[in-house]
**Student:** 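My structure is below; once you've seen it, I'll send some questions.
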Amino acid sequence: FDKDTIEYAYANVPMPDDYTGGAIYAKFYWLHPATTTNFGVSWGLQAVSFSDDDTLDAAQGTAKYANDTGGTTSDLYISPMTDAITIAGTPVAGDLVQFRVSRKADDATNDTLAVDAYLLGAMIWYPVG
């Protein structure tokens, strides 16, 4: 993810049968190449759900961010958990959820990493019944 431009990655995931609806949370697994200063990264996640026969022209929910600090080239970093993320639509078990991850490159306070950041994956926590 670029240091100067907000970029997005998408993943479409059917929600499991034990998902009870409600807010989700995320942690981000990432690394960065060599740089000497400014190691902060702000990762964001937002989502929208689709049930059977829903239109696919729907807006994402509001992004929530997890701010983390790197330091050592090519080491794994695991962000803190985001605040509660509300999935747009009316998510239920079995819905297709489109997740959108971003790096908040325009956040000069929390995103200061002077090079690209490499996202390896995200852990999504969701409520179950």
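Just so we're clear, the structure is a prediction, and the values are computed from it rather than from any experiment. Just the heavy atoms: all of them, side chains too, but no hydrogens, waters or symmetry mates, feed the values below.
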**Student:** Got a donor-acceptor contact below 3.5 angstrom from the Thr86 side chain to the Gly22 backbone?
**Tutor:**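 Looks like no, no N/O pair under 3.5 Å.
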
**Student:** Is it the case that atom CG in Asp17 sees more than 12 heavy atoms from other parts of the structure closer than 6.0 Å?
**Tutor:**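 Open: at most 12 neighbouring heavy atoms sit under 6.0 Å from CG of Asp17.
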
**Student:** Could you grab the distance from atom CG of Asn110 to atom NZ of Lys104, nearest 0.5 Å is fine?
**Tutor:**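 It comes to 9.0 Å.
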
**Student:** Taking all non-hydrogen atoms of both residues into account, name the closest pair between Tyr77 and Gly71 and its distance.
**Tutor:** OH-N, 3.1 Å

**Student:** Would you call Arg103-Asp111 a salt bridge at under 4.0 Å N-O?
**Tutor:** yes

**Student:** Hey, quick one: are Ile124 and Val13 part of the same hydrophobic cluster, counting side-chain heavy atoms closer than 4.5 Å, chains of contacts allowed?
**Tutor:**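 Result: yes, single cluster for both.
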
**Student:** Roughly how far, to the nearest 0.5 Å, is CD of Gln60 from OG of Ser102?
**Tutor:** 10.0 Å

**Student:** Do Ile87 and Ile24 have side chains that approach each other closer than 4.5 Å (heavy atoms only, starting at C-beta)?
**Tutor:**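 Yes, their side chains come closer than 4.5 Å.
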
**Student:** Look only at the side chain of Ser42 and the backbone of Asn67, and say whether a donor-acceptor pair between them is shorter than 3.5 Å.
**Tutor:**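 Absent.
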
**Student:** Nearest heavy-atom pair of Leu45 and Val101: which atoms, and what distance?
**Tutor:**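 Shortest heavy-atom separation between Leu45 and Val101 comes out as CD1-CG2, 3.6 Å.
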
**Student:** Is there side-chain contact between Asp106 and Ile6, with heavy atoms separated by less than 4.5 Å?
**Tutor:**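 Yes, close enough: below the 4.5 Å cut-off.
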
**Student:** Between Leu76 and Leu119, is there a shared hydrophobic cluster once you connect ILVMFWY residues whose side-chain heavy atoms come closer than 4.5 Å?
**Tutor:**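 No, Leu76 does not connect to Leu119 through the hydrophobic network.
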
**Student:** Treat each ILVMFWY residue as a node, draw an edge where side-chain heavy atoms are under 4.5 Å apart, and state whether Ile78 and Val41 are in one component.
**Tutor:**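 Cluster IDs for Ile78 and Val41 differ.
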
**Student:** State yes or no: do Tyr29 and Trp125 share one hydrophobic cluster built from I, L, V, M, F, W and Y residues joined by side-chain heavy-atom distances below 4.5 Å, directly or via other members?
**Tutor:**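 Yes, because Tyr29 and Trp125 connect within a single hydrophobic cluster, where side-chain heavy atoms sit under 4.5 Å apart.
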
**Student:** Using ring centroids (six-membered ring only for Trp), state whether Phe39 and His32 fall under 6.0 Å.
**Tutor:** yes

**Student:** Which atoms form the tightest heavy-atom contact between Thr35 and Thr73, and what is the distance?
**Tutor:**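 Scanning both residues completely, I find the closest heavy atoms to be N-OG1, 4.4 Å.
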
**Student:** Roughly how far, to the nearest 0.5 Å, is CG of Asn12 from CG of Leu56?
**Tutor:** 9.0 Å

**Student:** If you measure from OH on Tyr25 to CD1 on Ile85, what distance do you get to the nearest 0.5 Å?
**Tutor:** 9.0 Å

**Student:** How about CG on Asp75, more than 12 heavy atoms from neighbouring residues, nucleotides or ligands closer than 6.0 Å, or not?
**Tutor:**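 Yes.
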
**Student:** Assigning hydrophobic clusters by single linkage (Ile, Leu, Val, Met, Phe, Trp, Tyr; side-chain heavy-atom cutoff under 4.5 Å), is Trp43 placed with Leu113?
**Tutor:**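 Cluster IDs for Trp43 and Leu113 match.
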
**Student:** If every non-hydrogen atom of Asp116 is compared with every non-hydrogen atom of Asp2, which pair is closest and at what distance?
**Tutor:** OD1-CA, 3.3 Å

**Student:** Search all heavy atoms of Ala105 against all heavy atoms of Lys3 and return the closest pair with its distance.
**Tutor:**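 Smallest interatomic distance, heavy atoms only, reads CB-O, 3.5 Å.
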
**Student:** Tell me whether the guanidinium CZ or amine NZ of Arg100 lies under 6.0 angstrom from the six-membered ring centre of Tyr10 and within 45° of its axis.
**Tutor:** no

**Student:** Within this structure, what is the OG1-CG distance for the pair Thr90 and Asp54, rounded to the nearest 0.5 Å?
**Tutor:**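 So the gap between those two atoms works out to 8.0 Å.
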
**Student:** Has Asp95 got a side-chain atom pairing as donor or acceptor with Val97's backbone, closer than 3.5 angstrom?
**Tutor:**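 Looks like no, no N/O pair under 3.5 Å.
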
**Student:** I need the Thr69 OG1 to Asn38 CG distance, nearest 0.5 Å.
**Tutor:** 10.5 Å

**Student:** Are the aromatic rings of Phe1 and Trp30 close, with centres under 6.0 Å apart?
**Tutor:**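 No, the ring of Phe1 stays outside the 6.0 Å limit from the ring of Trp30, centre to centre.
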
**Student:** Looking only at non-hydrogen atoms, find the nearest pair between Gly61 and Ala88 and report the distance.
**Tutor:**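 Distance-wise, the nearest heavy atoms are N-CB, 3.5 Å.
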
